[in-house]
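Okay, structure first, notes after.
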Amino acid sequence: MFERETEALEEVLLGFLETRRWYEGRGRVMSSCRITERVVLQGGRVGIVFVKLEYAEGDPETYVVPLSVWTEVLTGDATRVPHNAIVATLRASATENSRTLLVDALELPIPAQALAEAIVRGERKRGRLGELVTSFSEQGSDAGEPRPVSVDSVNATWRFDDRFVLKFFRRLEEGVSPEIEVGRFLGAHTNELVPRVAGDVEYRTGRSDRTTLAVLQYFVQHEGTMWSHAREELRRFYERALTVGRDIDTLQAPTRPLLEIAFESMPQDVGELIGAYKDVGAHLGKRTAELHLALASAPEDPAFAPEPFSSFDRRSVYQSLRNLSGTVLRTMRAELSNFTPYQAQTAAAILAREGDLLKRFEPVLSRKLTSMRIRCHGDYHLAQVLNTGKDVVIVDFEGDRTRALSERRRKRTPLRDVASMVHSFHHAAFTTLHDTSVVREADRATVFPWAIQWYTWVSASFMRAYLEHTAASSFLRADIAEVALLLDVFMLSKALHEFDAELKRPERRLDIVLHELAQLLGVAVS
């Protein structure tokens with residue numbers, strides 16, 4: 001089946017891709033579609049097809065589509081194939097009350113299991129131009145029963161019993177994924193801080209030309225992510241805040257930089273309301289420090305050895321920050337008339353600080369930086385940390401997929417990860433505040449000052465623990481002024497990126513990111 005007429009299969013796959021939620025080329029004008037590779041696995045049970053899409057403008061994209069042939073019974077209580085799994089109908093039989101379908105192997109349990117079993121069995125299969133190679137760390141094992149985790153995103157994920165998690169990358173990027181590279185490195189240099197890599201699928205066209213298609217990891221028993229954990233804790237925190245909030249005339253919002261607050265004692269009334277979560281913030285800081293210490297622990301390995309900031313690195317960071325802020329502020333100014341009164345007022349106050357914002361970036365260019373660049377997580381936030389009940393496990397080292405693979409493999413200051421987690425605390429506090437199932441709109445003004453307190457002091461606990469555990473590190477040996485500078489610019493950078501991303505979403509939630517930007521710029525908001 002997988003060797004059927006190429007032109008017909010290309011046409012079918014083009015129509016299929018254009019209707020997928022995970023297709024990233026939506027809105028672009030396509031100039032051509034062609035199949036560049038086919039590899040058959042598991043005795044013909046699964047075929048891997050590479051589909052290259054050329055566009056009128058911009059770079060081409062190649063999508064990897066695992067296909068399987070499936071016979072669907074149309075009578076009785078037989079389970080029907082979901083519509084979004086069907087690529088094409090190959091044959092329909094009115095007399096036999098069945099039809100033969102070409103399906104997306106990542107949408108149905110049995111074909112997905114066949115993919116996992118190909119890894120477990122260590123299959124190697126030649127295609128037209130290269131070879132598909134699977135690897136597995138054990139012998140004589142099976143994959144287990146499949147259960148979908150997420151199949152409608154660009155990375156399809158399946159769980160197999162309590163043994164494995166399979167992540168398949170639908171969009172092809174040449175090179176080894178950081179998920180594999182960093183995952184294997186950390187598995188060898190840490191103990192239970194990250195899921196261990198069990199196996200992978202690579203496409204090879206030469207001795208050194210390797211492209212990651214999928215990764216199989218050992219399953220980590222957990223109770224959910226630290227994002228859901230924080231949201232549930234914030235629900236209880238806001239309930240407690242409402243019982244005392246109306247009795248407090250003034251609750252002073254912290255206005256000093258986070259690094260100053262990090263080494264101060266938490267106000268007693270705030271600490272009582274936050275409760276044990278301040279220790280959770282500190283534990284996350286400790287584990288984040290351990291992550292970065294491990295990533296910087298192999299100076300003999302060129303892929304992971306810490307490197308100093310060169311003048312080129314500083315200029316590159318500065319220019320990217322200037323470009324980002326210029327783009328975001330121009331867009332903000334153009335969108336003012338579409339904002340709510342609160343959003344417009346806050347945005348106008350931010351725009352009035354444009355000169356101050358640009359000045360905040362200048363020391364990156366003018367000051368010689370003594371801290372080091374290392375491999376980092378790259379997309380670090382509360383949803384990337386699993387809550388095991390007793391500890392945390394850090395996951396998803398693929399990085400920000402909006403960036404090219406080469407960009408995601410670059411060494412950067414670990415304070416980017418730190419700033420990203422601080423941003424995540426802010427996002428958790430204020431998305432929960434704006435959730436009417438948690439806080440009634442009539443109560444939001446009462447709870448608002450407490451949201452600032454939670455975000456500030458949990459971030460301070462996180463920051464203090466991180467700095468204490470990296471105090472003797474080789475990569476963060478800078479003075480506190482340099483740490484403050486880098487943290488400040490990357491917190492601003494994260495907020496600017498978030499605003500830009502929020503504008504492109506169908507349902508904009510601009511209040512939260514505008515508040516974060518205003519707070520970072522010292523603009524009074526309510």
Side-chain angles (χ1 to χ4, degrees), residues 1-74 78-115 118 123 125-132 151-154 156 168-174 201 203 205 211 213-214:
M1 160 57 225
F2 305 116
E3 296 300 327
R4 69 179 294 181
E5 186 179 347
T6 298
E7 186 176 344
L9 187 55
E10 286 174 343
E11 184 176 349
V12 165
L13 286 171
L14 175 58
F16 175 73
L17 284 171
E18 289 180 323
T19 62
R20 300 302 91 193
R21 288 182 61 183
W22 43 262
Y23 171 56
E24 297 179 327
R26 192 168 287 104
R28 302 175 67 185
V29 178
M30 195 179 302
S31 59
S32 69
C33 165
R34 60 189 178 92
I35 292 173
T36 59
E37 182 62 288
R38 308 182 199 199
V39 185
V40 180
L41 296 172
Q42 284 283 290
R45 292 171 64 192
V46 177
I48 307 289
V49 178
F50 293 4
V51 186
K52 185 173 183 178
L53 306 177
E54 300 273 359
Y55 300 100
E57 295 182 358
D59 296 331
E61 294 178 325
T62 298
Y63 286 87
V64 185
V65 187
L67 298 171
S68 186
V69 177
W70 189 264
T71 300
E72 181 185 44
V73 178
L74 302 175
T79 302
R80 301 295 295 271
V81 175
H83 178 73
N84 60 350
I86 300 173
V87 179
T89 300
L90 303 179
R91 183 173 61 253
S93 172
T95 57
E96 297 176 8
N97 294 313
S98 66
R99 60 177 180 169
T100 304
L101 304 172
L102 185 64
V103 299
D104 179 351
L106 293 172
E107 293 275 359
L108 297 178
I110 293 177
Q113 187 176 35
L115 275 173
E123 288 197 27
K125 295 290 183 179
R126 289 292 307 178
R128 290 175 175 176
L129 304 174
E131 184 179 27
L132 194 145
V151 297
D152 61 356
S153 64
V154 72
F168 196 98
F169 307 121
R170 293 186 187 268
R171 184 162 61 82
L172 189 71
E173 295 181 283
E174 293 184 2
V201 181
Y203 178 70
T205 54
T211 295
L213 302 188

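Quick note: residue numbers are just sequence positions, from 1. Below, all heavy atoms of this structure are taken into account, side chains as well, without hydrogens, waters or symmetry copies.
For the side chain to side chain contact (heavy atoms under 4.5 Å, CB included) criterion with V87, the lone passing option out of V49, V12, V103 is V12.
For the side-chain hydrogen bond (donor to acceptor under 3.5 Å, both in side chains) test, residues two or more places apart in sequence or in another chain that qualify with E131 are R124. For R171, the side-chain contact (heavy atoms from CB on, under 4.5 Å) partners at least two apart in sequence or on another chain are E24, E61, Y63, V154, E173, R401. Evaluation of the ring-ring contact (aromatic ring centres under 6.0 Å, His included) rule for Y203 yields F50 as partners, not counting sequence neighbours. In this view, S153 and S150 satisfy the side-chain hydrogen bond (donor to acceptor under 3.5 Å, both in side chains) rule, not counting sequence neighbours. Residues passing the side-chain contact (heavy atoms from CB on, under 4.5 Å) test with A112, sequence neighbours excluded: W158.
Counting only heavy atoms from C-beta outward, the side chains of V81 and L108 approach each other to under 4.5 Å. When side chains are defined from C-beta on, I48 counts as touching V46, because their heavy atoms get closer than 4.5 Å. T71 places none of its side-chain heavy atoms less than 4.5 Å from the side chain of L101. Residues R126 and L132 fail the side-chain proximity criterion, which asks for heavy atoms closer than 4.5 Å. A 4.5 Å side-chain heavy-atom check between V51 and C33 finds at least one atom pair inside the cut-off. Counting only heavy atoms from C-beta outward, the side chains of L9 and I35 approach each other to under 4.5 Å. In this structure, the side chains of T205 and T211 stay at 4.5 Å or more apart for every pair of heavy atoms.
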Assess the residue pair I86 and R99 against the criterion (side-chain contact (heavy atoms from CB on, under 4.5 Å)); give the C-alpha distance rounded to whole Å, side-chain angles, the decisive distance to 0.1 Å, and a yes or no. CA-CA 12 Å; I86 300 173; R99 60 177 180 169; 3.7 Å; yes

Go through the steps for R20 and E18 under the test salt bridge (charged side-chain N to carboxylate O under 4.0 Å, His left out), then give the verdict. CA-CA 6 Å; R20 300 302 91 193; E18 289 180 323; over 6 Å; no

Carefully, step by step, assess L17 and W22 under the rule side-chain contact (heavy atoms from CB on, under 4.5 Å). CA-CA 8 Å; L17 284 171; W22 43 262; 3.5 Å; yes

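Here the closest heavy-atom approach between residue K125 and residue V39 is recorded as CB-CG1, 3.5 Å. The nearest pair of heavy atoms linking P60 to E54 is CB-OE1, 3.7 Å. Pairing each heavy atom of M30 with each of Y55, the nearest pair is CA-CD2, 4.0 Å. Residues L115 and P66 come closest through the heavy atom pair CD1-CB, 3.9 Å. Scanning all heavy atoms of the two residues, the minimum distance from P111 to W70 falls at CD-CZ3, 4.0 Å. Across all their heavy atoms, F168 and A214 have their closest contact at CD1-CB, 3.7 Å.
Panel note: side chain S68, backbone R45; a donor-acceptor pair is recorded below 3.5 Å.
Atom CD of E174 has 12 or fewer neighbouring heavy atoms from other residues, nucleotides or ligands inside a 6.0 Å radius. Within a 6.0 Å sphere centred on CZ of R21, other residues, nucleotides and ligands contribute 12 heavy atoms or fewer. The neighbour count for L129 CG, taken as heavy atoms of other residues, nucleotides or ligands under 6.0 Å away, is above 12.
Ion pairing of E72 with R80 is present here, as a side-chain N (NZ or NE/NH1/NH2) and a carboxylate O approach within less than 4.0 Å. A salt bridge does not link E37 with R128: none of the charged nitrogens is closer than 4.0 Å to a carboxylate oxygen.
Rounding to the nearest 0.5 angstrom, the gap separating the CG atom in L213 from the CG atom in L172 is 6.5 Å.
Here side chain to side chain donor-acceptor pair (under 3.5 Å) pairs that include residues 104-114, with residues two or more places apart or in two chains, are D104-R170.
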